[in-house]
Amino acid sequence: MESEDILSFIKLNSWIFRTTQTYLDRVLKKYDLSSGTYPYLLRLNHHDGISQSQLSQELGHDKAMTARTVCRLVDLGYLRREKDTANYRANKIYLTPKAKSVIPAVKSDINKLSAVITADLSDEEKAITMSSLTKIHSKLQDFTHHKEEL
């Protein structure tokens, strides 16, 4: 890939990210959620009662960001914290009935965005895109965790 192509690739990825974040922030505002908070609800919807530390790890967020986001979602009535009886320093995080009631609507809003993004892609193109993005994500994780030189 030539230097100009690489810059275009990075610029396009950045634009897609910002555009999807802006859309999600707008449509999720009615629930007092944002592009940064909804992943917590969706993750807990699949694994309710995990520790705050595990939630942070599974979402790929640092512990400070997770603590702030969980605190905000607790204040909004979407989550509740309980001390882990096996580890007094840890908190287990649970969805509240309020969170469980909005998750289907949040998923619907995300699915609408996904449908727009993929409308002109064949099933094969969708599979190739997901495979490529997964590989890119994996390489970036390795790079940022090991601080390797390019």
Side-chain angles (χ1 to χ4, degrees), residues 1-81 92-150:
M1 207 179 233
E2 299 209 17
S3 180
E4 190 172 310
D5 291 337
I6 293 168
L7 291 175
S8 293
F9 175 79
I10 291 171
K11 182 179 176 182
L12 185 58
N13 276 295
S14 179
W15 184 86
I16 291 168
F17 175 78
R18 286 191 320 271
T19 303
T20 57
Q21 300 302 78
T22 300
Y23 168 83
L24 290 170
D25 285 339
R26 185 173 40 85
V27 299
L28 298 176
K29 188 174 184 170
K30 61 187 166 239
Y31 311 111
D32 291 321
L33 296 172
S34 69
S35 58
T37 57
Y38 85 86
Y40 290 81
L41 300 184
L42 297 185
R43 185 70 224 136
L44 288 165
N45 193 45
H46 290 287
H47 201 169
D48 205 19
I50 61 175
S51 71
Q52 189 167 312
S53 178
Q54 186 178 353
L55 180 60
S56 181
Q57 182 179 9
E58 289 183 13
L59 291 174
H61 297 165
D62 64 65
K63 290 181 181 183
M65 176 188 276
T66 297
R68 288 189 303 270
T69 304
V70 166
C71 188
R72 173 152 170 68
L73 291 169
V74 166
D75 290 346
L76 290 169
Y78 286 115
L79 302 180
R80 65 182 171 81
R81 279 191 202 117
K92 289 192 173 195
I93 311 298
Y94 296 91
L95 295 171
T96 64
K98 179 181 178 180
K100 291 176 184 177
S101 72
V102 301
I103 286 174
V106 169
K107 284 182 174 181
S108 176
D109 289 334
I110 293 166
N111 288 337
K112 287 176 191 170
L113 176 61
S114 179
V116 168
I117 291 170
T118 61
D120 295 333
L121 299 178
S122 68
D123 288 343
E124 181 182 4
E125 289 171 320
K126 290 175 191 176
I128 290 168
T129 301
M130 282 303 297
S131 176
S132 297
L133 290 173
T134 300
K135 287 178 184 178
I136 292 167
H137 177 256
S138 179
K139 282 294 185 186
L140 282 172
Q141 275 190 314
D142 290 346
F143 176 74
T144 58
H145 284 102
H146 297 100
K147 307 285 189 237
E148 297 174 21
E149 295 292 324
L150 284 176

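FYI, the numbering just counts along the sequence from 1.
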To the nearest 0.5 angstrom, please state how far the [atom1] atom of [X] sits from the [atom2] atom of [Y].
{"X": "Ile50", "Y": "Ile93", "atom1": "CD1", "atom2": "CD1", "value": "8.5 Å"}
{"X": "Leu33", "Y": "Leu28", "atom1": "CG", "atom2": "CG", "value": "6.0 Å"}
{"X": "Arg81", "Y": "Cys71", "atom1": "CZ", "atom2": "SG", "value": "5.0 Å"}
{"X": "Leu95", "Y": "Ser101", "atom1": "CG", "atom2": "OG", "value": "10.5 Å"}
{"X": "Ile103", "Y": "Leu44", "atom1": "CD1", "atom2": "CG", "value": "8.0 Å"}
{"X": "Arg43", "Y": "Leu55", "atom1": "CZ", "atom2": "CG", "value": "8.5 Å"}

Could you tell me whether the side chain of [X] and the main chain of [Y] form a donor-acceptor pair under 3.5 Å?
{"X": "Thr134", "Y": "Met130", "result": "yes"}
{"X": "Thr20", "Y": "Ile16", "result": "yes"}
{"X": "Asp25", "Y": "Ser35", "result": "yes"}

Heavy-atom check, side chain of [X] versus side chain of [Y], under 4.5 Å:
{"X": "Gln21", "Y": "Ser34", "value": "no"}
{"X": "Arg72", "Y": "Thr69", "value": "no"}
{"X": "Thr37", "Y": "Leu41", "value": "no"}
{"X": "Lys30", "Y": "Asp109", "value": "yes"}

* If you count the non-hydrogen atoms of other residues, nucleotides and ligands that lie under 6.0 Å from NZ in Lys126, is the total more than 12? ->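 Buried by this count: over 12 neighbours within 6.0 Å.
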* **Lys135, NZ: over 12 other non-hydrogen atoms inside 6.0 angstrom** =>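 Open: at most 12 neighbouring heavy atoms sit under 6.0 Å from NZ of Lys135.
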* side-chain hydrogen bond (donor to acceptor under 3.5 Å, both in side chains) contacts touching residues 8-17 (sequence neighbours left out) ->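 As it turns out, the side-chain hydrogen bond (donor to acceptor under 3.5 Å, both in side chains) pairs with a partner in residues 8-17, which skip direct neighbours, are Ser14-Arg18.
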Let me have the donor-acceptor pairs involving side chains of residues 113-122, under 3.5 Å, with sequence neighbours excluded, atom names and distances please.
unit_1	atom_1	unit_2	atom_2	d
Thr118	OG1	Ser114	O	2.8
Ser122	OG	Glu124	N	3.4
Ser122	OG	Glu125	N	3.0
Ser122	OG	Glu125	OE1	3.4

Which residues satisfy the side chain to side chain contact (heavy atoms under 4.5 Å, CB included) test with [X], sequence neighbours excluded?
{"X": "Lys98", "answer": "Tyr78, Thr96"}
{"X": "Tyr94", "answer": "Asp48, Arg80, Glu82, Lys92"}
{"X": "Thr22", "answer": "none"}

* Is there any ring pair (Phe, Tyr, Trp, His ring centres under 6.0 Å) pair reaching into residues 20-62, and which pairs are they, with sequence neighbours excluded? ->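 Of all non-adjacent pairs touching residues 20-62, those that pass ring pair (Phe, Tyr, Trp, His ring centres under 6.0 Å) are Tyr40-His61.
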